[in-house]
Amino acid sequence: MPHYGDYQNEIYFAGLAGVAPKLPVDFASLEARAAAALPPAVLGYLQGGCGDEFTQRHNADAFRHWGMTPRMMIDCARRDLSIDLFGMTLPSPIFMSPVGINGLCTQDGHGDIAAARAAALTGVPLVQSTLSNDPIEAVAEALGDTPGFFQLYTPKDKPLTESLVNRAEAAGYKAIVVTLDTWVTGWRPRDLNVANFPQLRGHVLENYFSDPVFQAMLAKPPREDLPAAVRQWAGIFGKVLTWDDMPWLRSLTRLPLVLKGICHPDDARRAIDLGADAIYCSNHGGRQANGGIAAIDLLPDVVTASGTIPVLFDSGIRSGSDVVKALALGATAVGVGRPYTYGLALDGAAGAAHVLKCILAEADLLMAVNGYPSIAQVRAAGATRRA
Ligand SMILES: Cc1cc2nc3c(=O)[nH]c(=O)nc-3n(C[C@H](O)[C@H](O)[C@H](O)COP(=O)(O)O)c2cc1C
Ligand SMILES: O=C(O)C(=O)c1ccccc1
């Protein structure tokens, strides 16, 4: 069983030899470092959100009004952070949320591979976006034995959708995560003010360009006429999905089917009735709709509606204590988004792995101090909303 809290001692002991951690251990310092290092357009796309970014800020701030009560005299010398998901036992309760511009986070343009290596280094599963600078097959290889889940942006073209899902299955991905909230892009002032949308500049489209069904839609290979390929992509990117599409989505795969972007308990119930294997409660980090309620405040009702079906959660996770709170509120597994991308940008796979290790160390030590030896105990203890 990994002892995630040991990362703390590693850091302090390295300090005895005069070595401080290469990257900060807290989100605020990490974000400041990334802001200084990243090209402004990449930073704006990563850091930015919808409208005046109220929902995005509130996602993170809302964790402050949830609290946990420590319990004493419980043997927590060894903590078990493992969870069961999709028939697998995973060593920790976190995963890497899909981020479609991981590819641009490293200078070599292979940030998707670096993210997969970070997953392999930590055992933290990666949800790999459809948007990628490297094809999902290469990303799967870099994952080694660590599980990957494929996040599907459902194209308007059904044969292309089928091809992407078949490729993900063949490459060994363990679940299909269909994102529901991004068939159209939310209003993002930071990107609009500099007229920058990376996909339209030909970035992160490798899964389309490498796909035989997509290639057959073009007169020339994508790299020989990039503007035409990008136009084609823009034309087919986002299918408007409705509940009537669920039987078709369900028929695409035997892998567990996860619906990402569910925020309302009625939607969770409907998804489960129509065959979803897991619910992914998320508001896309406040990038898609502004003015909404913080995702963590929506989680408890979604969990109740989901019964025994697993609930994945992300949006606003910045620390180990955020992870523990989300688990206490009923999440089965918790997604880290922006924090790992900053690590990726600053130090590639090692940087992203550092961020994940810090979050896990803090979560583990919090469980130790609070008297929760396992995730089941965290969940049983719950969290309280402050007035
Ligand atoms: C730059 C960026 C790109 C993203 N790309 C995708 C994507 O391709 N697919 C997807 O389902 N979600 C995508 N997301 C949303 C994340 O999966 C996740 O829901 C979000 O980052 C959670 O918010 P947080 O990072 O503020 O915690 C993206 C998020 C960011 C920051
Ligand atoms: O930037 C995003 O959050 C994202 O997931 C996305 C992907 C494609 C088109 C628009 C937004």
Side-chain angles (χ1 to χ4, degrees), residues 27 30-31 34 38 41-50 53 55-63 94-105 111-112 115 126-133 136 139 149-155 176-188 190-192 196-201 203-208 230 233-234 236-239 258-263 280-289 292 294-296 299 312-319 322-323 326 331 334-345 352 355 359:
F27 178 76
L30 184 76
E31 187 175 42
L38 276 168
V42 177
L43 177 72
Y45 191 82
L46 263 182
Q47 199 179 30
C50 192
E53 300 178 355
T55 298
Q56 177 175 331
R57 281 190 301 280
H58 195 43
N59 275 343
D61 291 347
F63 280 87
I94 66 169
F95 62 90
M96 297 165 79
S97 292
V99 170
I101 63 156
N102 278 344
L104 300 181
C105 285
D112 296 286
L126 171 70
V127 185
Q128 173 58 39
S129 175
T130 306
L131 296 168
S132 180
N133 264 352
I136 44 174
V139 173
F149 307 142
F150 175 61
Q151 179 267 318
L152 175 72
Y153 274 133
T154 314
I176 304 293
V177 177
V178 182
T179 296
L180 304 177
D181 58 19
T182 311
W183 53 273
V184 66
T185 311
W187 181 257
R188 300 180 182 177
R190 289 205 217 192
D191 301 330
L192 290 161
N196 174 52
F197 195 69
Q199 293 82 327
L200 294 180
R201 295 171 182 227
H203 296 299
V204 300
L205 302 181
E206 199 49 43
N207 283 323
Y208 302 87
V230 170
W233 172 79
I236 54 92
F237 169 72
K239 180 173 167 56
V258 186
L259 296 189
K260 179 172 188 272
I262 299 282
C263 292
Y280 190 151
C281 176
S282 162
N283 63 16
H284 213 104
R287 297 167 66 76
Q288 281 298 95
I296 191 66
L299 176 65
L312 282 59
F313 171 82
D314 76 23
S315 296
I317 297 292
R318 300 291 176 261
S319 68
D322 294 344
V323 169
V334 180
V336 177
R338 288 181 176 95
Y340 86 76
T341 67
Y342 295 143
L344 202 57
V355 171
I359 287 174

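First listed ligand is number 1; within each ligand, the first listed atom is number 1.
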Problem - atom 11 (O) of ligand 1 - nearest protein heavy atom and its distance - result: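 The closest heavy atom on the protein side is Thr179 OG1, 2.7 Å.
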
Practice task
Please determine if Asp314 has a nitrogen or oxygen closer than 3.5 Å to a nitrogen or oxygen of ligand 1.
Solution key: yes

Practice task
Test side chain to side chain donor-acceptor pair (under 3.5 Å) on Arg201 and Asn196 and set out the steps.
Solution key: CA-CA 8 Å; Arg201 295 171 182 227; Asn196 174 52; 3.2 Å; yes

Practice task
Take every heavy atom of Arg318, measure it against each atom of ligand 1, and state whether any distance is under 4.0 Å.
Solution key: yes

Exercise for the section: For ligand 2, list the protein residues that place a heavy atom within a distance below 4.0 Å of one of its atoms, sorted by chain and number. Expected result: Tyr45, Leu131, Tyr153, Thr182, Thr185, Arg188, Phe197, Gln199, Phe237, His284, Arg287

Exercise for the section: Would you please say whether a donor-acceptor pair under 3.5 Å links the side chains of Tyr280 and Ser97? Expected result: yes

Practice task
Identify the protein heavy atom lying closest to atom 10 (C) of ligand 1, giving its residue, its atom name and the separation to 0.1 Å.
Solution key: Tyr153 OH, 3.3 Å

Handout entry: Region of Gln151 engaging ligand 1 - heavy atom pairs below 4.0 Å
Key =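 The answer is the side chain.
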
Problem - Any donor-acceptor N/O pair, Asp112 side chain to Asn133 backbone, under 3.5 Å - result: yes

Problem - Option of least heavy-atom distance to atom 31 (C) of ligand 1 (set: Lys260, Arg287, Gln288) - result: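 Looking at heavy atoms only, Arg287 sits closest to atom 31 (C) of ligand 1.
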
Completion exercise
Of all heavy-atom pairs linking Asp314 and Gly335, the shortest is CB-O, 3.4 Å

Handout entry: Residues Gln199, Phe237; criterion side chain to side chain contact (heavy atoms under 4.5 Å, CB included); working and verdict
Key = CA-CA 10 Å; Gln199 293 82 327; Phe237 169 72; over 6 Å; no

Exercise for the section: Check salt bridge (Lys or Arg N to Asp or Glu O under 4.0 Å) between Glu206 and all other residues, then give those that pass, not counting sequence neighbours. Expected result: Arg223

Exercise for the section: Run down the list Gly285, Pro339, Ser282 and name the one with the heavy atom closest to atom 20 (C) of ligand 1. Expected result: Gly285

Problem - Separation of Leu259 CG from Ile262 CD1 (nearest 0.5 Å) - result: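 If we round to the nearest 0.5 Å, Ile262:CD1 and Leu259:CG are 5.0 Å apart.
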
Problem - Backbone of Val177 reached by a side-chain donor or acceptor of Gln151 within 3.5 Å - result: no

Practice task
Provide the number and element of each atom of ligand 1 under 4.0 Å from a heavy atom of Ser129.
Solution key: 7 (C), 8 (O)

Practice task
With heavy atoms under 4.0 Å as the rule, classify the contact between Thr130 and ligand 1 as side chain, backbone, both or neither.
Solution key: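 Looking at Thr130 and ligand 1, no heavy atom falls under 4.0 Å.
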
Practice task
State whether Phe197 and Arg188 meet the cation-pi test: NZ (Lys) or CZ (Arg) under 6.0 Å from the six-membered ring centroid, and within 45° of the perpendicular axis.
Solution key: no

Exercise for the section: Please work out which of Ala60, Gly337, Cys281, Pro98 has its closest non-hydrogen atom nearest to atom 28 (C) of ligand 1. Expected result: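 Residue with the shortest heavy-atom distance to the ligand atom: Pro98.
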
Handout entry: Salt bridge Glu31-Arg338, side-chain N to carboxylate O under 4.0 Å
Key = no

Exercise for the section: Run the contact test for Ile317 against ligand 1 with a 4.0 Å cut-off on heavy atoms, strictly below, and give the result. Expected result: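 Yes, that is the case, since the closest heavy atom of the residue is under 4.0 Å from the ligand.
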
Practice task
Just jot down the ligand 1 atoms closer than 4.0 angstrom to any heavy atom of Leu46, in number order.
Solution key: 1 (C), 31 (C)

Fill in the blank from the handout: Under 4.0 Å from one or more heavy atoms of Ser315, ligand 1 contributes atoms 22 (C), 23 (O), 27 (O)

Handout entry: ligand 1 to Leu131 polar contact by distance, N or O atoms, under 3.5 Å
Key =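 For ligand 1, there is no N or O atom that lies under 3.5 Å from one belonging to Leu131.
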
Problem - Working for side chain to side chain donor-acceptor pair (under 3.5 Å), residues Asn207 and Thr130 - result: CA-CA 6 Å; Asn207 283 323; Thr130 306; 6.0 Å; no

Practice task
List every atom of ligand 1 that sits less than 4.0 Å from any heavy atom of Gly100, numbering the atoms from 1 in the order shown and giving each element.
Solution key: 3 (C), 4 (C), 5 (N), 6 (C), 7 (C), 8 (O)

Problem - Spatial distance of atom CH2 (Trp233) from atom CG (Leu200) [nearest 0.5 Å] - result: 6.0 Å

Problem - Check: Gly48 main-chain N/O paired with Arg287 side-chain donor or acceptor under 3.5 Å - result: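 Answer holds: yes.
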
Handout entry: Positive for side chain to side chain contact (heavy atoms under 4.5 Å, CB included) with His284, one of Thr179, Leu180, Asn59, Thr55
Key = Thr179

Practice task
Specify the protein heavy atom at minimum distance from atom 25 (O) of ligand 1: its residue, its atom name, and the distance to 0.1 Å.
Solution key: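 Scanning the protein heavy atoms, the shortest distance from atom 25 (O) of ligand 1 goes to Arg338 N, 2.8 Å.
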
